[in-house]
Amino acid sequence: MEKSFSESYAKAGVDVTAGYESVELIKSHVKRTTIPGVLGAIGGFGGMFELPVSEYKNPVLVSGTDGVGTKLKIAFLMDKHDTVGIDCVAMCVNDIACSGAKPLFFLDYIACGKNYPKKIEQIVAGVAEGCVQSGCALVGGETAEHPGLMPDDEYDLAGFTVGIGEKDKLVSGENLAVGNALIGVASSGVHSNGFSLVRKVFNINANTVKVIYNDLGKSLGEELLTPTRIYVKPLLALMEKVNVNAISHITGGGFYENVPRMLNDGFTAVIEKDKCFKMPIFNLIQQVGGIPERDMYNTFNMGTGLVIAVDADKADEAVRILQDNGEKATVIGEIKAGEKGVELC
């Protein structure tokens with residue numbers, strides 16, 4: 001590698017030696033994520049993972065991909081890059097866990113205006129932390145230097161995960177029934193959705209991210225960079241003991257877009273807003289922006305990151321299991337017969 005250097009490419013804005021330095025810096029972070037099944041080492045042409053097929057009768061692979069979105073603008077302004085990787089992992093692994101799948105491995109993609117190895121290390125450190133939290137391995141990735149496509153100090157971050165589940169235990173919604181209890185699981189804040197609106201509301205810039213709000217007890221930038229909560233391990237623990245009929249990950253589009261995704265025709269999810277978790281950041285966004293309540297619930301998670309449907313007689317047990325696994329959870333509604341959709345009351 002030390003002989004690989006192109007003066008012409010460097011003059012065009014691409015420093016291949018910075019890429020090699022980045023790989024060396026991230027190796028210790030990647031090593032943290034190693035789990036049984038990982039084959040080979042980082043730096044090859046493909047990440048390898050041996051499927052634990054002997055543990056399953058009819059294994060099904062479940063995949064998911066996502067990015068961090070314009071939340072990255074906050075990271076740029078705060079010059080803090082060690083949490084957005086957690087967001088990237090969370091947005092992918094939470095989605096596949098809603099299907100009852102256990103994440104196996106993750107790959108990231110970082111496109112940057114200029115490769116600053118220390119910054120890349122911070123980003124990947126966050127990705128590795130997200131993988132540790134969700135119990136999956138970081139088996140590879142790509143850092144691409146794109147001079148002229150974006151400013152030198154900016155980047156984009158996306159990822160991809162693959163998980164595995166037992167075919168007859170996947171959460172498909174087919175067992176959903178009238179009378180099912182809906183359990184809400186608390187979010188950690190805005191997560192990674194709705195940031196185009198957030199940035200408009202607060203006129204986000206280098207000064208506004210430093211403003212400290214009494215209701216938040218911290219600066220706006222610190223609050224907004226709170227990483228997305230990863231629900232994988234608590235969900236898997238719940239599904240080991242309780243039959244889960246449907247799950248919705250409340251991401252972009254809020255309740256009105258995401259809750260119907262867990263429903264079949266003929267079912268309405270009735271959710272009582274007063275029973276949901278409240279967080280000061282959402283009140284602040286609504287007040288400062290003068291945003292109608294429906295738009296808030298159609299954009300943000302409003303303090304509830306997951307909605308889980310279980311048989312009514314299993315609701316208390318499900319809440320207890322989630323709480324025992326570190327989550328704030330409570331019953332927030334029920335399934336009723338009606339037009340497919342969500343009713344907030």
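In what follows, residues are counted from 1 in the order of the sequence shown.
- A side-chain N or O of H81 and one of Y155 form a donor-acceptor pair less than 3.5 Å apart.
- Using a cutoff of 4.0 Å between basic side-chain nitrogens and carboxylate oxygens, R320 and D316 are not scored as salt-bridged.
- The CG atom of L176 sits 4.5 Å away from atom CD1 of I335, with the distance rounded to the nearest 0.5 Å.
- Expressed to the nearest 0.5 Å, how far CE of M150 lies from NZ of K114 amounts to 14.5 Å.
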side-chain contact (heavy atoms from CB on, under 4.5 Å) between D66 and C88, intermediate numbers included: CA-CA 7 Å; D66 210 336; C88 188; over 6 Å; no

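- Annotation: the span from I96 atom CD1 to T161 atom OG1 amounts to 4.5 Å, rounded to 0.5 Å.
- Side chains of N245 and N175: no donor on one and acceptor on the other come within 3.5 Å.
- When the side chains of ILVMFWY residues are joined at heavy-atom separations under 4.5 Å, either directly or via intervening members, L236 and V242 end up in a single hydrophobic cluster.
- In this structure, N205 places its CG atom where more than 12 heavy-atom neighbours from other residues, nucleotides or ligands lie under 6.0 Å away.
- Note that CD1 of I110 is 12.0 Å distant from CD of E145, once rounded to the nearest 0.5 Å.
- The CG atom of D82 lies 10.5 Å from the CD atom of E121; values are rounded to the nearest 0.5 Å.
- Under the 4.5 Å side-chain heavy-atom criterion for Ile, Leu, Val, Met, Phe, Trp and Tyr, L224 and L216 are members of the same hydrophobic cluster.
- Here the side chains of Y256 and V342 are in contact, with some heavy-atom distance below 4.5 Å.
- In this structure, K119 and D153 approach most closely via the heavy-atom pair NZ-O, 3.1 Å.
- Panel note: side chain N58, backbone E166; no donor-acceptor pair is recorded below 3.5 Å.
- Proximity of F282 to M296: side-chain heavy atoms (C-beta onward) are separated by under 4.5 Å at one or more points.
- For NZ of K340, the number of neighbouring non-hydrogen atoms (other residues, nucleotides, ligands) closer than 6.0 Å is greater than 12.
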Chi angles and distances behind the side chain to side chain donor-acceptor pair (under 3.5 Å) call for N203, T208: CA-CA 7 Å; N203 185 28; T208 55; over 6 Å; no

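- Salt-bridge annotation for D87 and K71: present, with a side-chain N of the basic residue lying under 4.0 Å from a carboxylate O of the acidic one.
- Ion pairing of E272 with K275 is present here, as a side-chain N (NZ or NE/NH1/NH2) and a carboxylate O approach within less than 4.0 Å.
- A salt bridge links E293 with K273: at least one charged nitrogen is closer than 4.0 Å to a carboxylate oxygen.
- In the model, S22 has a side-chain atom that pairs as donor or acceptor with a side-chain atom of N115 under 3.5 Å.
- Side chain to side chain, N193 and T251 fail the donor-acceptor criterion of an N or O pair below 3.5 Å.
- I285 places a side-chain heavy atom less than 4.5 Å from the side chain of F300.
- Note: F106 CZ to T65 OG1 = 7.5 Å, rounded to the nearest 0.5 Å.
- R261 CZ: 12 or fewer foreign heavy atoms inside a 6.0 Å radius.
- Atom NZ of K278 has more than 12 neighbouring heavy atoms from other residues, nucleotides or ligands inside a 6.0 Å radius.
- Neither side chain, Q323 nor E327, offers a donor N or O lying under 3.5 Å from an acceptor on the other.
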Evaluation steps, side-chain contact (heavy atoms from CB on, under 4.5 Å), between F202 and L197: CA-CA 9 Å; F202 293 106; L197 179 55; over 6 Å; no

